Amino acid sequence: MADNPYIKKLIRDEVRALSAYHVPDASGYIKLDAMENPYQLPAELVDEWLDVLREVELNRYPDPGARPLKAQLRKAMQIPADMELLLGNGSDEIIQMICMALAKPGATVLAPEPGFVMYRMIALFCNMDYIGVPLHTDFSLDMDAMRAAIEEHRPAVTFLAWPNNPTGNLFSETDVMEIIEHAPGLVVLDEAYTSFAGQSFMARLGDYDNLVVMRTVSKSGLAGLRLGYLAGPAAWLNEFDKVRLPYNINILTQASAEFVLSHTDVLDAQAAKLRAARGELFTAMQAIDGIEPYPSAANFILFRTPAGQATAIFESLKAQNVLVKNMQPVGGMLADCLRVTVSTPQENTAFLTALRDSLAG
Ligand SMILES: *Cc1c(COP(=O)(O)O)cnc(C)c1O
């Protein structure tokens, strides 16, 4: 009820001012809006997986420490042996745990923009200050602006998505290292797209006291499981672990992820196919008059459309059954931009056909 008298009195102003994170209903569409991997597990692996699930004891709480899954992750993802591991219900929950632990009154979250929206949202949920530092128009880090903002706001935590979402580029390694070295607080390197970038800071974890590396299995084929992980020094992760709810990784996710991560060759082969498809899609988009795709190290491509037409093109794609992400409402550097997830050759072709049609109209 809009006029319920409790709401205005009790709910925090900044929460009332929010609109809930909007996820469009995608049923029936070719879904290219959320960076999902389009490939399923091969049928024989599905059978093996179902055998694993048959043994799961749904009447029992999950292992609160998720020990077998962590051991499997360590092996599959080359986590340095002297680093600790923390699991989240998606990496979104890890961002939330980090912010909850750091949310002293007046504490600041800093991130480059355009960037991943959950950094700002979760900072707000936790009553932290948020500073977004604009990127250069080529989406590289504006190091003068980053240095100045870090100096002025002394952030408790700086988030860097590497590659960045929604722009798709990898920031220069030198710039990232300079930020880690100069930041007075924690730096979270968000490697959600590492399997498409083929690069990582994981091996450098020991070099810095204030660096942690965050990843997710969502973009590499397991979005439905909701599993993210954070690797870093035990001193940090032991504190974050205190604000973690005891059973945050459910028993089906633990069993399923442990199983699939013992078959990383399957996920690796899918990522390799998507990397090849990304190159082909990029070239095909470059050849379309009026479309300017940005180079991507992730499994999506941000592209600029003719001025003032992004929403019309988005709607035209949708009318042709293709759902992408409209970045026009974000405005600023992303005005006139749409973002498309790299998918199977068939779906990429369907997207290209629809895109050409939307421009002709
Ligand atoms: C998708 C995404 C995430 C969130 O992933 P989940 O594990 O599904 O919560 C985190 N960071 C970036 C940059 C992303 O694009």
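When a ligand or atom number is given, it counts from 1 through the structure's own listing order. Just so we're clear, the structure is a prediction, and the values are computed from it rather than from any experiment.
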With a 4.0 Å cut-off on N to O distance, would you call Glu93 and Arg226 a salt bridge? no
Among all the protein's non-hydrogen atoms, which is closest to atom 5 (O) of ligand 1, and how far away is it? Ser91 OG, 3.2 Å
Is the centre of the Phe300 ring less than 6.0 Å from the centre of the Phe196 ring? no
Looking at Arg278 and Ala297, would you say the former's side chain and the latter's main chain have a donor-acceptor pair under 3.5 Å? yes
Parallel, tilted or perpendicular: which one describes the rings of Tyr119 and Phe159, with boundaries at 30° and 60°? parallel
Sub-4.0 Å atoms of ligand 1 with respect to non-hydrogen atoms of Ala192: 11 (N), 12 (C), 14 (C)
Judged by modelled atom types alone, do Glu191 and Ser200 share a side-chain donor-acceptor pair under 3.5 Å? yes
Just to confirm my output: which protein heavy-atom neighbour is closest to atom 9 (O) of ligand 1, and how far is it? Arg226 NH2, 2.9 Å
shortest atom 11 (N) of ligand 1-to-protein heavy-atom contact is with Asp190 OD2, 2.5 Å
Name the orientation class of the two ring planes belonging to Tyr61 and Tyr247 (parallel below 30°, tilted from 30 to 60°, perpendicular beyond 60°). parallel
When distances are taken from atom 14 (C) of ligand 1, the protein heavy atom at minimum range is Lys219 NZ, 3.1 Å
Atoms in ligand 1 flagged as close to Ser218, the criterion being non-hydrogen separation under 4.0 Å: 6 (P), 7 (O), 8 (O)
Can you pull out the closest protein heavy atom to atom 15 (O) of ligand 1? Residue, atom name and distance to 0.1 Å, please. Tyr193 OH, 2.6 Å
